[in-house]
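See structure below.
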Amino acid sequence: MNVRPDFPSYIAEMKWRGFFEQCTDEAALGELMATGPLTGYAGFDPTAESLHIGSLVPIMGLVHLQRHGHRPIAIVGGGTAMVGDPSGKTELRQMLTVADIDRNLAGIRAQLARFIRLADGPGAGPLDGLMIDNGDWLRDKGYIEFLRDIGRHFSVNQMLTRDSVKSRMETGLSFLEFNYMILQAYDFLMLNRDYGCRLQVGGSDQWGNICSGIDLCRRVNRAEVYGLTYPLIQTATGEKMGKTAAGAVWLDAGRTSPYDFFQYWVNVDDRDVSRFLRMYTLLAPAAIEELEKLQGADIRQAKQALALEVTTLVHGEAAAQASLAAAQAAFGGGGDAAAIPSSAHAASEFAGEGLSLIDVLAAVGLVDSKGEARRLVRQGGVKVNGDAVADEQRRLVAADIRDGRVVLQLGKKRHHHLRVDG
RNA sequence: GGGGGGGUUCCCGAGCGGUCAAAGGGAACAGACUGUAAAUCUGUCGGCGUACGCCUUCGGAGGUUCGAAUCCUCCCCCCCCCA
């Protein structure tokens, strides 16, 4: 099975792109995938209405699967979200209501559809992806029935040796959380039974859960299935992906504007560029290798390419180009500033005394408090139309309006335009 | 059920009657330096106010005191040991 020109196989591409950490049986999986289409899945948390950058890796894992002629399934844990994965977490996850989860599922489905050709229900093409809610089989499962059918296949002794559990022995974990791996293994079992699914991809922290699923499939379905893990992605500075001052970087344009999304990628650490190009874009290896040759300040070009590609994948070509133009306007001169975050204001607001700069900064959300705004001014971090503001009492008046807008700048990177009408 | 140790500002972690908006570190933000990078140095880092200041915060609710994160009572939660 090979429909990709650049790579002989899915596994080869996953390796080249840095998605390959560990595989339960690489040779067997490779052979299986070479003989025909295979169904594989990855899981997503429906803890919010939108996915964020952290989900991009499993998403891309599914994208590559589909591009290699296999069928991807995105399983969204509508059932398991009510439990919570113990690994890495110090606290019990807050529980979501069914209504919350259903709303989140709808949002996530729309986002996944941007990446994967989805076609649920009858009439789906054989390789079209599916999004499945494990609540379908988990919510109505009776406890006794579940224990008898599934529970008997699990050894507590073995469960206790899993890292996800071991790491919690000090701080403690609830029985509820302890069950997470069983529920997850059950997902694999059901996907195998109902969809012939034979592969699970997940983060390396999911290795234990994946192995549990494989064992369960073997015992109950007598099916040989496989697992493949990707490394947990951290930035060069050891941070989790997608954390910024403003919080998580979301895929939803309403939560993180395409411009801010674009900027996130432009601002990644030099050391991360190569890795990210491989993981988060679909650029051909030759193109990526060219970009990887760039040195010093030229690395910025690679970052722009990265930002442009990822933003295109998530928000579309037009939004990506507009973000690029806006970034050029903000940082280089030239370019079209339209995509820079802005807010609308009436000309009358600027008449006479005008507006307090401090108040405006807080009102448009550039700062969290007026105290922060004042501090910023004191430290010389605020500019109006390019000129540093020295006076905390600064007011924005009619004279500050240039070509229908007032350009605000915080620090070196944050920009906001006040659009003034009439 | 018994005994012991804990819950502090975004995180870790000091404080243990006033000098505490609370040490120190990390994160974050700003400035310098740069390449919209990193590293480094400097500054800032609860809210409101130009400011002497005022308000809110140390698991929760009461109480003692001129005054509490610090003492007392009850409650909730976590960890360890014993049963």
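Here the structure is a predicted model, which is why all the values come from computation and not from measurement. Any value given below was found using the heavy atoms of this structure, including those in side chains, with hydrogens, waters and symmetry copies removed. Every chain is numbered from 1 and lettered A, B, ... according to where its sequence line falls, protein lines coming before strand lines.
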Handout entry: Distance between C1' atoms of B:G49 and B:U42 (Å, rounded)
Key = 27 Å

Practice task
Taking atom C1' in both B:A14 and B:A22, compute the distance separating them and give it to the nearest angstrom.
Solution key: 10 Å

Handout entry: Euclidean distance, atom CG of residue A:Asn267 to atom P of B:U34 [Å, nearest integer]
Key = 19 Å

Problem - Nearest-angstrom distance, P atom, B:C75 to B:G1 - result: 12 Å

Handout entry: Salt-bridge contact A:Asp387-A:Arg394 (side-chain N to carboxylate O under 4.0 Å)
Key = no

Exercise for the section: Select base, sugar-phosphate, or nothing to describe what A:Val382 touches, counting heavy atoms under 4.0 Å on all strands. Expected result: nothing

Completion exercise
Contacts of A:Gly381 and A:Ala327 projected onto RNA chain B by closest heavy atom; the upstream (5') one is A:Gly381

Problem - A:Arg375 with A:Glu372: basic N within carboxylate O range, under 4.0 Å - result: no

Practice task
Go through the N and O atoms of the side chain of A:Asp270 and the base of B:G35, and report whether any donor-acceptor pair is under 3.5 Å.
Solution key: yes

Practice task
Please state whether the base of B:U36 and the side chain of A:Gln263 form at least one donor-acceptor pair under 3.5 Å?
Solution key: yes

Fill in the blank from the handout: Rounded to whole Å, the NZ-P distance (A:Lys383 to B:C29) equals 17 Å

Handout entry: Set of residues satisfying side-chain contact (heavy atoms from CB on, under 4.5 Å) with respect to A:Gln321, sequence neighbours excluded
Key = A:Leu308, A:Glu317, A:Leu324

Exercise for the section: Tell me which of A:Gln295 and A:Gly380 sits closer to the 5' end of RNA chain B, going by the nucleotide each one is nearest to. Expected result: A:Gly380

Exercise for the section: Calculate the interatomic distance between A:Gln409 atom CD and B:U36 atom C1'; express it in whole Å. Expected result: 11 Å

Handout entry: Taking every non-hydrogen atom, the tightest pair across A:Arg414 and A:Leu366
Key = NH1-O, 3.4 Å

Exercise for the section: Measure from CG on A:Asp368 to P on B:C48 and round the result to the nearest Å. Expected result: 10 Å

Practice task
Determine the Euclidean distance between corresponding P atoms of B:G47 and B:C29; express it in Å to zero decimal places.
Solution key: 16 Å

Problem - Any strand: nucleotide that pairs with B:A28 via Watson-Crick or wobble, under 3.5 Å - result: B:U44

Exercise for the section: Mind calculating the distance between NZ (A:Lys303) and C1' (B:G35) to the nearest angstrom? Expected result: 8 Å

Handout entry: Pairwise C1' distance, B:G53 and B:G59 [rounded to whole Å]
Key = 31 Å

Practice task
Quickly work out the A:Gln379 CD to B:G43 P distance and round it to whole Å.
Solution key: 11 Å

Practice task
Kindly point out which of B:U44, B:U50, B:U34 is positioned nearest to the side chain of A:Arg374?
Solution key: B:U50

Problem - Same-atom distance (P) from B:G15 to B:U70, integer angstrom - result: 15 Å

Handout entry: Pairing of A:Asp102 and A:Arg139 as salt bridge, 4.0 angstrom limit
Key = yes

Handout entry: Distance, P atom - from B:G3 to B:C74, rounded to whole angstrom
Key = 13 Å

Practice task
Return the value, rounded to whole Å, for the distance between atom CD of A:Glu372 and atom P of B:C10.
Solution key: 14 Å

Problem - B:U9 and B:G4, which share atom name P, separated by this distance in whole Å - result: 27 Å

Practice task
Assign A:Lys413 to base, sugar-phosphate, or nothing according to its heavy-atom contacts below 4.0 angstrom with the strands shown.
Solution key: sugar-phosphate

Handout entry: Whole-Å gap separating P (B:U44) and CD (A:Glu392)
Key = 14 Å

Completion exercise
Between the CE atom in A:Met131 and the CZ atom in A:Arg109, the distance rounded to the nearest 0.5 Å is 5.0 Å

